[in-house]
Amino acid sequence: EIDVHHRAMVGLLELNSVMDQYLMVASDSLGFPLDQLKYVLCLLIAYPFAFGFTLLPNNPTIKHLVGLSMGLWFGWFTMGTQLIHSFISSTVAYFIMAFFPLGHSHKLVFIWAMGYLSISHIYRMYTDYMGWTMDFTGPQMLLTLKLTTFAFDYHDGQIQRIKIPHHDMALSKFPSILEFYGFVYFFCGFLAGPAFNMKEYLDFIDGTLFKDAPKGKMPSPFVAMAKKLGATLLIAVGVIMNGKYSLYYARQEEFYAHTFLYKCGYLWLGAFLARFPYYFAWTLSEGSCILAGIGFTGYHNGKAVWDRATNCKVLQLETAQNFRAITEAWNIRTDKWLKHYIYERVQWGNPVAITFATSAFWHGFYPGYYLSFMTAALITQNARVIRRNLRSRFVEADGVTPKAGKQIYDLVSTVVSSWTLNYTMTPFMLLGWDYSVKAWATVFFVGHLANIAVYAAMTILGAPRIKKRVE
């Protein structure tokens, strides 16, 4: 039996090797790295797989088996033997929840999943320092979200005495091993997200997700899917531009010979374009989720809404007037995880700082992550005072009716928020301490100083006094 398993493993490795040889030719022709080509190819293959999934009989067992088989193949094709990490980490998490005391098991899973991810990040830093080779750590980050939300959702469903705003995702019963692995490896979102909650996945599989639809059947997803594909094509232009105006130019000495304004402008442009590869992968993945049906949200004004799988709102983010709107539009599923499973449950210290620190920890251990997220925490804290004391000068007492100059305020807020975001996230892409600090220093830490200066001014001035009407 062991010999059979060994030969099967060797056969799969040989199959991957043969496929790699053919894809290497395409990779060389396109000038596109092989690992990224395989990744994008899987995101595209997910579309016919998703359509085929909708044709399966309404049998949860069959759906679980088919969905996880496709996900396993995606993982094997892109990661090879590294796929074992997802199996080990998820299996241990499942048995922790099954056999450890309910009052502590969810916390143990959090520690286990984050610990496993941390070791994975350290391994990646050791083998590919400051590189961007596609390996298992990306899907492992998504899996960490899945495992921790599963653990907390089951805990919330059983311990009714606590009040958590996110109780709509609570699990009333413990999932079977097939349901669990189906959830872990479901092919839609396995590589690029989004990371769904267990309840959403189970409702999708048994059809509960479509209970409000006519005859309880999934409405047509094709228009919503086509919009995502169209958006992906537009985003691809930004991906190409990112290759030409890469933020990595700030790692070269030539960059620092330019003028102050040039460097400010390039840091803005480079960080702006650096988001487009993320937009591309997320939007392409969202389309297959919609086609399969798991992207269905419900109905609004009689029309089907398909935003359950939305992981980014590009226009909302790029035109945001404040940091809160930015975080709500970027990596939405991770933002929800941070909000519902970290921020709302923190019972000591500074919840904002702890939440941003957790986000940095989840991303890895490059100094650039911590520089970016700690700066974002500072700006978020200060921005609340700035917005409260400054915006109130441009709206009436009702907080809605605009005064003279409100349009100019909105425009300036958008421009400042955009530049501050890109300034703040520059270290996130440069990764290293030296590169990050040098990039900020060359523009005299203007983002930090400006934020602190405006915060100090608004704190001193305070909000304008509201004149009471005399009847």
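The structure displayed is predicted, hence computed values, not measured ones.
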Residues 32-47 side chain polar contacts: donor-acceptor under 3.5 Å, at least two apart:
from: D35; atom 1: OD2; to: M134; atom 2: N; distance (Å): 2.6
from: K38; atom 1: NZ; to: D20; atom 2: OD1; distance (Å): 2.9
from: K38; atom 1: NZ; to: F77; atom 2: O; distance (Å): 2.8
from: Y39; atom 1: OH; to: L191; atom 2: O; distance (Å): 2.7
from: Y47; atom 1: OH; to: L284; atom 2: O; distance (Å): 2.7

Value rounded to 0.5 Å, distance of CZ in F296 from CZ in R308: 8.5 Å
Aromatic ring pairing H106/F152, orientation class (parallel under 30°, perpendicular over 60°, tilted between): perpendicular
Parallel, tilted or perpendicular: ring planes of F272 versus F276, cut at 30 and 60 degrees: perpendicular
Pairs flagged by salt bridge (Lys or Arg N to Asp or Glu O under 4.0 Å) wherever residues 251-266 is involved - sequence neighbours left out: E253-K438
Pairs involving residues 226-238, ordered by first then second residue, that meet salt bridge (Lys or Arg N to Asp or Glu O under 4.0 Å) (sequence neighbours left out): K228-E286
Residue pair I342 / W362, side-chain heavy-atom distance below 4.5 Å: no
Lys/Arg N to Asp/Glu carboxylate O, D135 vs R124, below 4.0 Å: yes
So, [X] versus [Y]: side-chain donor-acceptor pair below 3.5 Å or not?
X: Y181; Y: T91; answer: yes
X: H121; Y: Y366; answer: no
X: H85; Y: Y123; answer: no
X: S418; Y: W268; answer: yes

Derivation and outcome, ring pair (Phe, Tyr, Trp, His ring centres under 6.0 Å), residues F196 and F186: CA-CA 10 Å; F196 296 102; F186 185 64; 7.6 Å; no
